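Just so you know, these numbers come straight off a predicted model, no measurement behind them. Order of the sequence lines sets the chain letters (A, B, ...), proteins ahead of strands, with each chain counted from 1.
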Amino acid sequence: MTGPPIVPPPSPEPSRAGAETAAPSEVRKFLLERGSSALSDRAFRWVMLISALSIFAIVALIAWELVARSQLTISKFGLQFFFKSAWDPVSGDFGALPFIYGTLASSLVALVIAVPLAIGLAIFLTEMCPKFLRGPLAFLTELLAAIPSVVYGLWAVFVLVPLLREHVNPLLMKTLGWTGFFAGPNYGIGILAAGVILAIMILPIISSLTREVMTAVPHMQREAVLALGATRWEMIRMGVLRNARIGIVGSIILGLGRALGETMAVTMVIGNRPEIVKSLLGLGYSMASVIANEFSEASDDLYLSALIEIGLALFIVTIIVNAIARLLVWAVTRGAPPRVA
Amino acid sequence: MALQQNPSKATQIRRMLANHAATGLAVLSTILVVAPLVAIFAYLVYKGASSLNLAFFTQVPKPVGESGGGMANAIVGSGILLALGSLLGVPVGIAAGIYLAEFGRGSRLANFVRFTADVLNGVPSIVMGISVYALIVLPQKHFSALSGGVALGIMMIPTITRTTEEMLLMVPNAIREAALGLGVPNWRSVLAITLKTASPGVITGCMLAFARVAGETAPLLFTAFGNQFRSMNINQPIAALPLQIYVYALSPYDEWHRLAWAGALVLIVLIVVSVSLVRYVTTRGVLKGAN
């Protein structure tokens, strides 16, 4: 985790790749063609190729299964499915709006809490932290990422929810109740609880990627700003954050992608009621948790198809969100020396 | 800013204050991040350790109302599921990584495969669960350990592929050419020379993937399904540690809550040990030998 050395970057990517493929390839080509093992080599190559293609096949198969199995609701409700708030398995009337609302609301709460903390942590770790603390702290946040979702849920049910119910929520209702976002019965569980636990879960992702893009900012930038007489904060703001902002946005979006698809912890604390309430203390339902809760009891085909269509929507949304995030992060870290964790 | 001849006193104070405020906020957010982590771990160890005993590892769950019992079946079940997952995920993941690094360098197909691996990595685990349900459980008409293993295996592939590729790219070309120059067939040179040189890194990738799926619950809900009894049959529903924790956490019984905490502690210890091993391997320069 030491920063990149202060030598002029040796323009790593293109030239290295070029040197590897250009010069030695003739030797290698000659050696490969001269070999007497053409048959086994070709077989080996095919096996490897098939394995690589199987990744594509799996993704395609997932997409196809999801589309095929949700045909019933797609043809019956069309796009209307995503704008209706009815969820009545008995009379066969389905709409995904409450779940979309619950997913978005809890993810946004998570982002509002996690983003400032994650960026603050990244700034501390890359720019301010004494060296002996950096390793342990980075390791601790990595551990935060390794804790399984269900364990977060367990902790949330027995520690976070009582804490919210007894201390935090009454305070919020008293001070911010007039906004309407913190009104109503105080269950402890609900959208706010889901948002808080999601925030803890996505923090390490956002912060480690932010750290990565901040490390990728050349040291010369920092030194130049400092040499102009800037304070440390001004150096961070002008020299580092401004250069890394695209990558930071990318890491936030990646965190959002994780939050949208998170299942177990959210299911355990969001309240599981398909309603749209303005208050964050109210009970909600998310797309992932409705699948987790109701999939195994979905008795008729239409019900099952509705749940699978929600899964399909989740699949598409996370692909788009992840693709955008990867592009943004890649745009910043491309060409930078690889980070050795 | 630098051209200003006489920065006023007020500006200077303002800049100093902003600097200190920023430092303070960064330290504060670090504390706020570390606090829940410490809280989770402390509470987990406290609750888990007080309910862990030998019975937890040797007995199957007791019916409601009876005290005692353990999660032996879930531990064995998780082991079987993870073994099945690794059986699928490790070979396919490594082979795909070999393709990307050794054969497909720079080709459009390789970029495409790399992108789909990233897509697969981002698929929410619950969606993976219903897809495998539709693919395997529905045609078979019953839940099975096999389908759970397949779901976990698929989730392992992208991580393993990407680490394998990165590690293989670090192996110097001279080594490959030396092997070829000695008349070694290409397939043997890849397997016995290149892959072997990169093996610490590849193993790291496998363990990371393993640690990631070890705690997965959502993909097992509709595939492995869970089981209250000891079962080793991969064609039958099987218990898994994360599933059992989920069910017990939401139950109204104190005895089951106790078992859930113990299970969570066991799971966390398993994961932390493998992540720490990975970190040890990556920081101790074992990998740098390949560079």
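- Contact annotation: the side chain of A/Met128 approaches that of B/Thr23 to within less than 4.5 Å [non-hydrogen atoms, C-beta and beyond].
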I'd like to know whether B/Tyr99 forms a side chain to side chain contact (heavy atoms under 4.5 Å, CB included) with A/Leu53, so could you lay out the CA-CA distance, the side-chain angles of the two residues, the decisive distance to 0.1 Å, and finally the verdict.
CA-CA 10 Å; B/Tyr99 177 79; A/Leu53 288 180; over 6 Å; no
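- With a 4.5 Å cut-off on non-hydrogen atoms, A/Leu254 does not touch chain B at all.
- Using a 4.5 Å cut-off on side-chain heavy atoms (C-beta onward), B/Leu120 and A/Ile62 make contact.
- Using a 4.5 Å cut-off between heavy atoms, B/Phe112 touches chain A through its side chain atoms alone.
- Neither the backbone nor the side chain of B/Ile94 comes within contact range of chain A; no heavy atoms are under 4.5 Å apart.
- Heavy atoms of B/Tyr43 lying under 4.5 Å from chain A belong exclusively to its side chain.
- Between A/Ser149 and B/Thr217, the closest side-chain pair of non-hydrogen atoms is not below 4.5 Å.
- No other option in B/Val38, B/Asn186, B/Val113 has as many heavy-atom pairs under 4.5 Å with chain A as B/Asn186.
- If you measure heavy-atom distances from B/Leu109 to chain A, the contacts under 4.5 Å come from the side chain alone.
- Counting heavy atoms from C-beta outward, A/Phe139 and B/Ser276 have side chains that approach closer than 4.5 Å.
- Highest contact tally toward chain A, considering only B/Ala22, B/Ala134, B/Gly122, B/Ala117, is held by B/Ala134 [criterion: heavy-atom pairs under 4.5 Å].
- At a 4.5 Å heavy-atom cutoff, the contact between B/Ala39 and chain A is made by backbone and side-chain atoms alike.
- Using a 4.5 Å cut-off between heavy atoms, B/Leu100 does not touch chain A at all.
- Within the 4.5 angstrom heavy-atom criterion, only side-chain atoms of B/Leu267, from C-beta onward, approach chain A.
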How far apart are the C-alpha atoms of A/Ser207 and B/Val33, what are their side-chain angles, what is the distance that settles it, and do they pass the side chain to side chain contact (heavy atoms under 4.5 Å, CB included) test?
CA-CA 10 Å; A/Ser207 125; B/Val33 174; over 6 Å; no
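- Considering only heavy atoms from C-beta on, B/Ile40 comes within 4.5 Å of A/Tyr152 through its side chain.
- Most heavy-atom pairs under 4.5 Å with chain A: of the set B/Val92, B/Leu37, B/Ile157, this distinction falls to B/Leu37.
- Of the listed residues (A/Ile147, A/Leu203, A/Leu312), the one with the most heavy-atom contacts under 4.5 Å to chain B is A/Ile147.
- Residues B/Ala264 and A/Leu154 approach most closely at CB-CD2, 3.6 Å, considering heavy atoms.
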One pair to check against side chain to side chain contact (heavy atoms under 4.5 Å, CB included): B/Tyr246 and A/Met268. What are the steps and the verdict?
CA-CA 8 Å; B/Tyr246 172 62; A/Met268 291 163 91; 3.7 Å; yes
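- Interface remark: B/Arg188 contributes no atoms to any contact with chain A (heavy atom separation under 4.5 Å).
- Side-chain contact between A/Ile55 and B/Pro158: absent, with no pair of heavy atoms (C-beta onward) separated by less than 4.5 Å.
- For B/Ala96 against A/Ala52, the heavy-atom pair with the smallest separation is CB-CA, 3.7 Å.
- In this structure a side-chain-to-backbone donor-acceptor pair under 3.5 Å is missing from B/Asn19 to A/Thr231.
- When all heavy atoms are compared, the tightest approach of B/Pro185 to A/Asp41 is C-OD1, 4.0 Å.
- Residue contact with chain A, scored on non-hydrogen atoms closer than 4.5 Å, involves the side chain of B/Leu221 exclusively.
- Side-chain contact between A/Val151 and B/Leu44: present, with at least one pair of heavy atoms (C-beta onward) separated by less than 4.5 Å.
- Using a 4.5 Å cut-off between heavy atoms, B/Val34 touches chain A through its side chain atoms alone.
- The aromatic rings of B/Tyr133 and A/Phe295 lie perpendicular to each other, with more than 60° between the two planes, well past the 30° mark.
- When heavy atoms are compared at a cutoff of 4.5 Å, B/Val119 approaches chain A solely by way of its side chain, counted from C-beta outward.
- Shown here for A/Leu117 and B/Ser29, the closest heavy-atom pair between the two residues is CD2-CB, 3.5 Å.
- Taking the six-membered ring for Trp and thresholds of 30 and 60 degrees, A/Phe44 and B/Phe103 have ring planes more than 60 degrees apart, a perpendicular arrangement.
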Apply the test side chain to side chain contact (heavy atoms under 4.5 Å, CB included) to residues B/Glu102 and A/Met48: give CA-CA distance (whole Å), side-chain angles for both, the deciding distance (0.1 Å), then the verdict.
CA-CA 10 Å; B/Glu102 300 291 322; A/Met48 299 299 120; over 6 Å; no
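- With a 4.5 Å cut-off on non-hydrogen atoms, B/Asp118 touches chain A through its side chain but not through its backbone.
- Heavy-atom minimum distance, A/Phe56 versus B/Thr116: CD1-CG2, 3.6 Å.
- The closest side-chain heavy-atom distance from A/Leu307 to B/Ile130 is not below 4.5 Å.
- Residue contact with chain A, scored on non-hydrogen atoms closer than 4.5 Å, involves the side chain of B/Phe41 exclusively.
- Chosen from B/Ile31, B/Leu28, B/Leu138, B/Leu25, the residue pairing most often with chain A at heavy-atom distances under 4.5 Å is B/Leu138.
- There is no contact between B/Val184 and chain A, counting heavy-atom distances below 4.5 Å.
- Shortest non-hydrogen contact noted between B/Ile268 and A/Pro148 is CD1-CD, 3.8 Å.
- Counting heavy-atom pairs closer than 4.5 Å to chain A, the top-ranked of the candidates B/Phe143, B/Phe222, B/Phe115, B/Phe225 is B/Phe222.
- Most heavy-atom pairs under 4.5 Å with chain A: of the set B/Gly106, B/Gly263, B/Gly93, B/Ala249, this distinction falls to B/Ala249.
- Contacts of A/Arg45 with chain B are made by both backbone and side-chain atoms, with heavy-atom separations under 4.5 Å.
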